[in-house]
Amino acid sequence: MSLEQLLTSIPQGSPDEALARQVNFEQLPAHVAIIMDGNGRWAAQRHLPRVEGHRAGIDSVRDVVETSARLGIDVLTLYAFSIENWKRPPAEVNTLMLLLKRYIRLELDAIHGNNIKFRVIGRSEELAPDVQDELEVGIRHTAENTGMLFNIALNYGGRAEIVDAARRAIASGIAPEALDERRFSDLLYTAGQPDPDLLIRTSGEMRVSNFLLWQIAYSEIWVTERLWPDFRRRDLLEAVLAYQKRDRRYGGIKPSRVVAGAK
Ligand code: IPE
Ligand code: IPE
Ligand code: MG
């Protein structure tokens, strides 16, 4: 994409425009992954039930998906529900699933219209049948799209993903010596996708919470205090600008500006 394309959606003279103009479109992260956290705290600050934070977080999802597609990000992965999140009260889990279904129903046309390809990563076969059906509609409807790949991580765990890949490797009968890092990557849910160049976490927590453990080996991590329901285009642009100032060395000694690994 281009600056011009991004600017068509940004009010002239706004702070977002100034940020957009600083972005180097030759050094975009190919894959951005986001741990969307802080919905509960956002609601608590307003003396609202936790689920109101989840509801408000949908606006952030919409904004970030659209901005990422306009920027020209190849892959966006959003962490929406972890395997560990089943520990939460059933009413909260039910509302999260309801909001997910509603999001797909309401946003599918816009997602499709932006040429975005929708995918799910995680043990989606363990989700309720009505949720699976809704996800399937989204996946099928956008399967032929050629723009940004939008992965939503649902019932996702990084360790579970590695175990699933190991199971697949064993089931395929591959000889142990034939298994290497590249082949193993092809057994993960993200087979064929570039590893995240940029990992964003909101709400200030300094942990990865079982997200994309294999894939983030050399990701640049950017943490913001912003709570997820307050996260908007400007925050994403700030993250991209911070990323573009990083030196990625991949264990070597020559600092290479973000070009390496990204497009
Ligand atoms: C993130 O917000 C949403 C999910 C994990 C589903 P939280 O619900 O974790 O919000 P906090 O961390 O309690 O503030
Ligand atoms: C991470 O947030 C999971 C998602 C964003 C879906 P959590 O709120 O579940 O993570 P912890 O419990 O603070 O590590
Ligand atoms: Mg949390």
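In listed order, ligands and their atoms are each counted from 1. Computed over heavy atoms, backbone and side chain alike; hydrogens, waters and symmetry mates excluded.
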* Please determine if Glu238 and Arg234 form a salt bridge, counting it only when a charged side-chain N lies under 4.0 Å from a carboxylate O. => no
* Asked: In ligand 1, which numbered atoms sit nearer than 4.0 Å to a non-hydrogen atom of His54?
  -> 3 (C), 8 (O)
* Asked: Does some non-hydrogen atom of Glu205 fall short of 4.0 Å from ligand 1?
  -> no
* Parallel, tilted or perpendicular: which fits the ring planes of Phe211 and Tyr156, with parallel below 30° and perpendicular above 60°? -> perpendicular
* Does an N or O from Leu96, backbone or side chain, lie closer than 3.5 Å to an N or O of ligand 1? -> no
* Structure fact -> Of all protein heavy atoms, the one nearest atom 14 (O) of ligand 2 is Ser209 OG, 2.6 Å
* To do: Identify, by atom number and element, the atoms of ligand 2 in contact range of Arg201, meaning under 4.0 Å from any of its heavy atoms.
  => 2 (O), 10 (O), 11 (P), 13 (O), 14 (O)
* So which bit of Phe81 gets within less than 4.0 Å of ligand 2, heavy atoms only: side chain, backbone, both or neither? -> backbone
* Note: Asp164-Arg168 ion pair, threshold 4.0 Å (strictly below) -> no
* Between the side chain of His31 and the main-chain N/O of Pro194, is any donor-acceptor distance below 3.5 Å? -> yes
* Report yes or no: do Gln215 and Glu161 form a side-chain donor-acceptor pair below 3.5 Å? => yes
* How far is atom 10 (O) of ligand 1 from its nearest protein heavy atom, and which residue and atom name does that atom have? -> Gly40 N, 2.9 Å
* Asked: If you measure from each heavy atom of Arg41 to ligand 2, is any distance below 4.0 Å?
  -> no
* Asked: Between Asp195 and Trp214, does any side-chain donor sit less than 3.5 Å from a side-chain acceptor?
  -> no
* **the Mg ion (ligand 3) - name of the N/O/S atom of Asp37 that sits closest to it** => OD1
* Looking only at heavy atoms of Ser203, does any of them come nearer than 4.0 Å to an atom of ligand 1? -> no
* Asked: Closest non-hydrogen protein atom to atom 3 (C) of ligand 2, residue and atom name please, with distance?
  -> Tyr79 CE2, 3.7 Å
* To do: Could you tell me whether the side chains of Arg105 and Tyr103 share a donor-acceptor contact shorter than 3.5 Å?
  => no
* To do: Go through ligand 1 atom by atom and flag the ones less than 4.0 Å from a non-hydrogen atom of Arg50.
  => 7 (P), 8 (O), 10 (O), 13 (O)
* **hydrophobic_cluster_shared for Ile34 and Leu212, side chain cutoff 4.5 Å** => no
* To do: Using a 4.0 Å heavy-atom threshold (strictly under), name the region of Asn85 that reaches ligand 1: side chain, backbone, both or neither.
  => side chain
* To do: Write out the residue and atom name of the closest protein heavy atom to atom 12 (O) of ligand 2, then the distance separating them to 0.1 Å.
  => Arg207 NH2, 4.6 Å
* To do: Would you indicate which of Ile35, Val51, Asn39, Thr202 comes nearest to atom 2 (O) of ligand 1 when only heavy atoms are counted?
  => Asn39
* Asked: Is the distance from the Mg ion (ligand 3) to some N, O or S atom of Glu205 under 2.8 Å?
  -> no
* Structure fact -> Nearest heavy atom to atom 9 (O) of ligand 1, choosing from Met36, Arg88, Gln45, Glu92, belongs to Arg88
* Row check, Trp42 ring normal vs Arg46 NZ/CZ: under 6.0 Å, within 45° -> yes
* Would you please say whether a donor-acceptor pair under 3.5 Å links the side chains of Tyr189 and Asn151? => no
* Structure fact -> Which of Arg246, Arg249, Lys245 passes salt bridge (Lys or Arg N to Asp or Glu O under 4.0 Å) with Glu220? Answer is Arg246
* Asked: Under a 4.0 Å heavy-atom limit, does Ala80 contact ligand 1 with its side chain, its backbone, both, or neither?
  -> backbone
